[in-house]
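Since we're looking at a predicted model, the values are computed, not measured. Reminder, nothing fancy here: chain letters follow the sequence lines and each chain counts from 1.
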Amino acid sequence: MPELPEVETVVRDLRPHLLGRRLLAMHWGPRPLRRSKPATARTERVDSRVNAIQRRGKWILVFCDQGQALRIHLGMTGQLMVVPATEPRPDHLHWWADLDNNCQWRLRDVRRFGSVEWFVRGQEALTELEQKLGPEPLALPVGYLPKVAGQSSRSLKAILLDQTIVAGVGNIYADEVLFQAGLHPLRPAATLSIEDWERLRRVLRDVLQRAIRARGSTIRDYIGGSGLQGQFQNQLQVYGRWEKPCPQCQTPIARLRVVGRTSYYCPQCQK
DNA sequence: AAGTCTCCCTGAGTGC
DNA sequence: TGCACTCAGGGAGACT
């Protein structure tokens with residue numbers, strides 16, 4: 001499941017293949033992705049050069065030199081890759097773009113939770129996101145979290161998953177961060193001390209940075225933009241480790257459902 | 001009005 | 001072998 005470290009890895013992998021390349025045309029297949037625009041099967045003439053590729057939260061933004069932009073979300077199972085155009089089309093291919101070097105940039109997405117949106121006025125793709133997303137967790141100002149969540153009765157798990165508070169954290173890294181910080185997923189945000197919030201801020205940054213270095217976590221479907229799997233799944237301390245011993249205290253890892261998501265945690269280490 | 005729930009989607013896994 | 005069922009969870013919108 002692509003979260004911030006996985007999306008960042010995809011963006012870094014794609015840059016050398018796409019920067020400076022001309023996008024000739026792009027194609028949406030007959031089975032619609034979620035909330036894609038255009039929504040129906042069609043081909044869009046583009047003929048514009050790729051200027052920049054960036055990540056914002058779990059979103060990918062690709063800017064072209066005539067002011068347009070592509071906005072892509074990988075959903076749960078999205079895979080982006082650049083391959084020779086002659087390569088056979090895989091199953092579940094729902095969008096692709098023709099490049100000027102006989103290569104094709106492709107989105108494969110088994111569950112179609114992803115989206116690809118084409119903006120003629122590219123800046124709108126970013127300003128829309130900025131209106132609804134919180135800051136990047138790798139660069140959170142000291143004091144930001146207690147300011148926006150310090151009075152909230154919500155659980156810490158809900159806070160971390162809320163993209164309007166902080167953008168890019170999903171279920172896996174929320175659990176890992178809370179374990180590393182020694183905080184229970186159901187702990188009400190309003191009960192944290194300033195020291196707790198500062199520890200959480202640092203752990204959030206450190207866990208995500210380590211995961212980026214490992215090219216993210218491949219649990220089931222995720223692969224990077226060069227087709228490589230991630231390696232951080234081997235460093236996960238609690239996620240997916242139900243009833244296995246806690247790496248700190250050997251207590252069996254517990255799980256429960258918080259805001260519709262499965263949470264893994266150590267009942268001994270996390271208070 | 002803040003916070004939680006439901007829905008979408010498919011393949012893998014499980015039990016019978 | 002086949003079938004029914006559950007689970008995985010991102011984000012949007014419905015609901016309480």
Side-chain angles (χ1 to χ4, degrees), chain A residues 1-11 28-37 39-40 55-61 71-80 90-95 107-117 125 128-134 136-137 145 147-178 185-191 208 211 216-223 229-230 232-233 236 238-243 253 255-265:
Chain A
M1 299 104 215
E3 304 180 28
L4 187 152
E6 290 76 27
V7 178
E8 180 64 28
T9 301
V10 168
V11 163
W28 281 260
R31 311 187 69 195
L33 295 159
R34 294 202 80 196
R35 271 176 284 279
S36 273
K37 77 181 195 191
T40 50
R55 178 192 58 76
R56 180 70 175 92
K58 301 173 193 171
W59 299 82
I60 297 169
L61 292 159
R71 187 169 71 188
I72 302 173
H73 198 290
L74 297 176
M76 299 288 297
T77 52
Q79 302 172 337
L80 281 173
D91 53 356
H92 305 294
L93 182 68
H94 299 301
W95 175 91
L107 173 68
R108 179 173 183 267
D109 187 355
V110 171
R111 286 165 69 181
R112 290 189 283 135
F113 275 27
S115 65
V116 181
E117 300 160 279
E128 267 182 27
L129 283 187
E130 293 299 343
Q131 280 164 17
K132 63 182 178 187
L133 293 183
E136 288 289 316
L145 286 174
K147 189 181 79 188
V148 297
Q151 311 302 315
S152 174
S153 60
R154 299 169 78 189
S155 66
L156 287 178
K157 180 71 182 260
I159 297 293
L160 289 178
L161 291 178
D162 186 339
Q163 304 297 298
T164 69
I165 292 180
V166 58
V169 181
N171 202 37
I172 297 172
Y173 295 104
D175 282 3
E176 292 300 307
V177 165
L178 289 173
L186 284 178
R187 175 86 172 263
T191 65
L208 293 173
S217 304
T218 296
I219 304 291
R220 193 172 287 125
D221 302 285
Y222 166 74
I223 52 171
Q229 298 196 340
F232 197 71
Q233 68 276 9
L236 296 177
V238 288
Y239 181 84
R241 300 192 65 246
W242 186 49
E243 290 189 324
I253 297 300
R255 70 177 176 190
L256 50 80
R257 202 125 180 112
V258 188
V259 287
R261 302 287 175 257
T262 305
S263 286
Y264 298 87
Y265 68 102

Peer 1: Can you name the closest pair of heavy atoms from A:T77 and A:R111 and give their distance?
Peer 2: OG1-N, 3.0 Å
Peer 1: Want to settle it: does A:D91 or A:V258 sit nearer the 5' end of DNA chain B, counting the closest nucleotide to each?
Peer 2: A:V258
Peer 1: B:dC9 base to A:R112 side chain: any donor-acceptor pair below 3.5 Å?
Peer 2: no
Peer 1: With a 4.0 Å cutoff (strictly under), does any side-chain N or O of A:R34 reach OP1 or OP2 of B:dT10?
Peer 2: no
Peer 1: Choosing from B:dG3, C:dG11, B:dG11, which nucleotide comes nearest the side chain of A:V110?
Peer 2: B:dG11
Peer 1: Distance criterion of 3.5 Å, no angle test: do you see the side chain of A:R111 paired donor-to-acceptor with the base of C:dG10?
Peer 2: no
Peer 1: Is a side-chain donor-acceptor pair under 3.5 Å present for A:E6 with A:Y173?
Peer 2: yes
Peer 1: Write down the distance between CG (A:L133) and C1' (C:dA12), rounded to a whole number of angstrom.
Peer 2: 13 Å
Peer 1: Counting heavy atoms from C-beta on, name the nucleotide in B:dG3, B:dT10, C:dA12 closest to the side chain of A:W59.
Peer 2: C:dA12
Peer 1: What nucleotide among C:dA8, B:dG11, C:dG11 has an atom nearest to a side-chain atom of A:H73?
Peer 2: C:dG11
Peer 1: Mind checking if A:S152 touches a base, just sugar-phosphate, or nothing, with heavy atoms under 4.0 Å?
Peer 2: sugar-phosphate
Peer 1: Within less than 4.0 Å of OP1 or OP2 of B:dT10, is there a side-chain N or O belonging to A:R31?
Peer 2: yes
Peer 1: The side chain of A:H92 is closest to which nucleotide in this list: B:dG3, B:dG11, C:dG10?
Peer 2: B:dG11
Peer 1: So, A:R187 side chain and A:A189 main chain: donor-acceptor pair closer than 3.5 Å or not?
Peer 2: no
Peer 1: Salt bridge between A:R255 and A:E243, side-chain N to carboxylate O under 4.0 Å?
Peer 2: no
Peer 1: Whether A:S115 contacts C:dG11 is assessed here as follows: a side-chain N or O lying under 4.0 Å from the phosphate OP1 or OP2. Is that the case?
Peer 2: no
Peer 1: Check this one for me: any side-chain N or O of A:Q163 less than 4.0 Å away from OP1 or OP2 of C:dG10?
Peer 2: no
Peer 1: Output the single nucleotide from C:dG10, C:dA8, B:dT4 whose closest atom is nearest the side chain of A:R154.
Peer 2: B:dT4
